[in-house]
Amino acid sequence: QVQLVESGGGLVQPGGSLRLSCAVSSGFTLDYYAIGWFRQAPGKEREWVSCISSSGDITYYADFVKGRFTISRDNAKNTVYLQMNSLKPEDEAVYFCATDPVRYRPCERSAGSYEYWGQGTQVTVSS
């Protein structure tokens, strides 16, 4: 069973930064799979935030985070990161990472395309 564990969430003031990590269980060859980040605020649908290809050379961002968030991966550490800068109150949500189950498939934006999910990490943006 593949396990994903997000970390790095917390309370930050508007304009601040956080770096989220998504650690994937050993034994799962992360190199083959694209990874996505999603978020869900209370009372709202889960929404796609960003994704990164298996090799890490292709990244996509939702318009509302473009220029502020950066996704990256370290396949040797089986970890994917989401650097979040210039955080806004509307970024407050639980952030989830997920793996695409299809090898080498390009980044997908639909949550239904991902198979394994972490438990999420809370990001709170407040002064």
Side-chain angles (χ1 to χ4, degrees):
Q1 182 70 21
V2 179
Q3 291 186 323
L4 290 78
V5 179
E6 302 94 337
S7 61
L11 172 64
V12 64
Q13 292 186 342
S17 298
L18 285 173
R19 188 176 82 152
L20 305 184
S21 298
C22 172
V24 184
S25 56
S26 60
F28 181 81
T29 306
L30 190 63
D31 310 39
Y32 298 149
Y33 305 101
I35 301 292
W37 281 98
F38 292 77
R39 70 186 188 186
Q40 188 167 19
K44 294 189 176 181
E45 297 280 318
R46 186 170 299 191
E47 60 182 356
W48 172 77
V49 174
S50 180
C51 61
I52 186 167
S53 63
S54 55
S55 62
D57 58 352
I58 299 173
T59 58
Y60 294 105
Y61 299 93
D63 287 344
F64 52 77
V65 303
K66 201 171 291 183
R68 299 187 297 123
F69 290 12
T70 303
I71 191 171
S72 61
R73 64 192 294 158
D74 185 339
N75 287 341
K77 295 183 178 179
N78 256 27
T79 302
V80 176
Y81 305 97
L82 186 68
Q83 177 67 43
M84 306 188 298
N85 298 329
S86 302
L87 282 161
K88 304 175 181 180
E90 51 263 44
D91 293 319
E92 184 167 311
V94 178
Y95 284 71
F96 301 87
C97 61
T99 64
D100 189 321
V102 178
R103 288 190 179 189
Y104 305 122
R105 183 161 67 177
C107 279
E108 297 287 332
R109 305 186 184 205
S110 168
S113 298
Y114 293 82
E115 182 170 10
Y116 301 108
W117 292 78
Q119 81 292 344
T121 185
Q122 175 71 47
V123 171
T124 303
V125 184
S126 175
S127 54

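Side chains included, hydrogens not; waters and symmetry mates left out as well; all remaining heavy atoms used. Numbering of residues begins at 1 and proceeds along the displayed sequence.
Counting heavy atoms of neighbouring residues, nucleotides and ligands inside a 6.0 Å radius, atom CD of E45 does not exceed 12 of them. Within 6.0 Å of the CZ atom in F28, the count of heavy atoms belonging to other residues, nucleotides or ligands exceeds 12. For CD of Q122, the number of neighbouring non-hydrogen atoms (other residues, nucleotides, ligands) closer than 6.0 Å is greater than 12.
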>> Set out, in order, the CA-CA distance, both residues' side-chain angles and the distance that settles side chain to side chain contact (heavy atoms under 4.5 Å, CB included) for T59 and T70, then state yes or no.
In response: CA-CA 9 Å; T59 58; T70 303; over 6 Å; no
> What do the steps show when you test D91 against R68 for side chain to side chain contact (heavy atoms under 4.5 Å, CB included), and what is the final call?
Replying inline: CA-CA 11 Å; D91 293 319; R68 299 187 297 123; 2.7 Å; yes
>> If you apply the rule side chain to side chain contact (heavy atoms under 4.5 Å, CB included), what do you find for V24 with V80, and how did you get there?
In response: CA-CA 8 Å; V24 184; V80 176; 5.6 Å; no
>> For a side chain to side chain contact (heavy atoms under 4.5 Å, CB included) check, start with the C-alpha distance between R39 and E92, then their side-chain angles and the critical distance, and finish with the verdict.
In response: CA-CA 9 Å; R39 70 186 188 186; E92 184 167 311; over 6 Å; no
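We find the CG-CG distance between L18 and L11 to be 8.5 Å, quoted to the nearest 0.5 Å. For the atom pair OG (S53) and CD (E108), the distance works out to 12.5 Å, reported to the nearest 0.5 Å. Atom SG of residue C97 and atom CH2 of residue W37 lie 4.5 Å apart, to the nearest 0.5 angstrom.
The two residues T79 and S21 have their closest heavy-atom pair at CG2-CB, 4.2 Å. When all heavy atoms of S113 and P101 are compared, the closest pair comes out as O-CD, 3.1 Å. Here the closest non-hydrogen pair linking W48 and A62 is CZ3-N, 3.4 Å.
Judged as a ring-ring contact (aromatic ring centres under 6.0 Å, His included), not a single pair has a partner in residues 77-96 (not counting sequence neighbours). Among pairs with a residue in residues 104-127, those fulfilling ring-ring contact (aromatic ring centres under 6.0 Å, His included) read Y32-Y104, F38-Y114, F38-W117, at least two apart in sequence or across chains.
Looking at heavy atoms from C-beta onward, Y60 lies in side-chain contact with C107 at the 4.5 angstrom threshold. Here the side chains of M84 and L20 are in contact, with some heavy-atom distance below 4.5 Å.
No single ILVMFWY cluster, assembled from side-chain heavy atoms under 4.5 Å apart, contains both L87 and V94.
Partners of S25 by side-chain hydrogen bond (donor to acceptor under 3.5 Å, both in side chains), not counting sequence neighbours: none found.
Side chain of Q13 to backbone of S127: no donor-acceptor contact under 3.5 angstrom is found.
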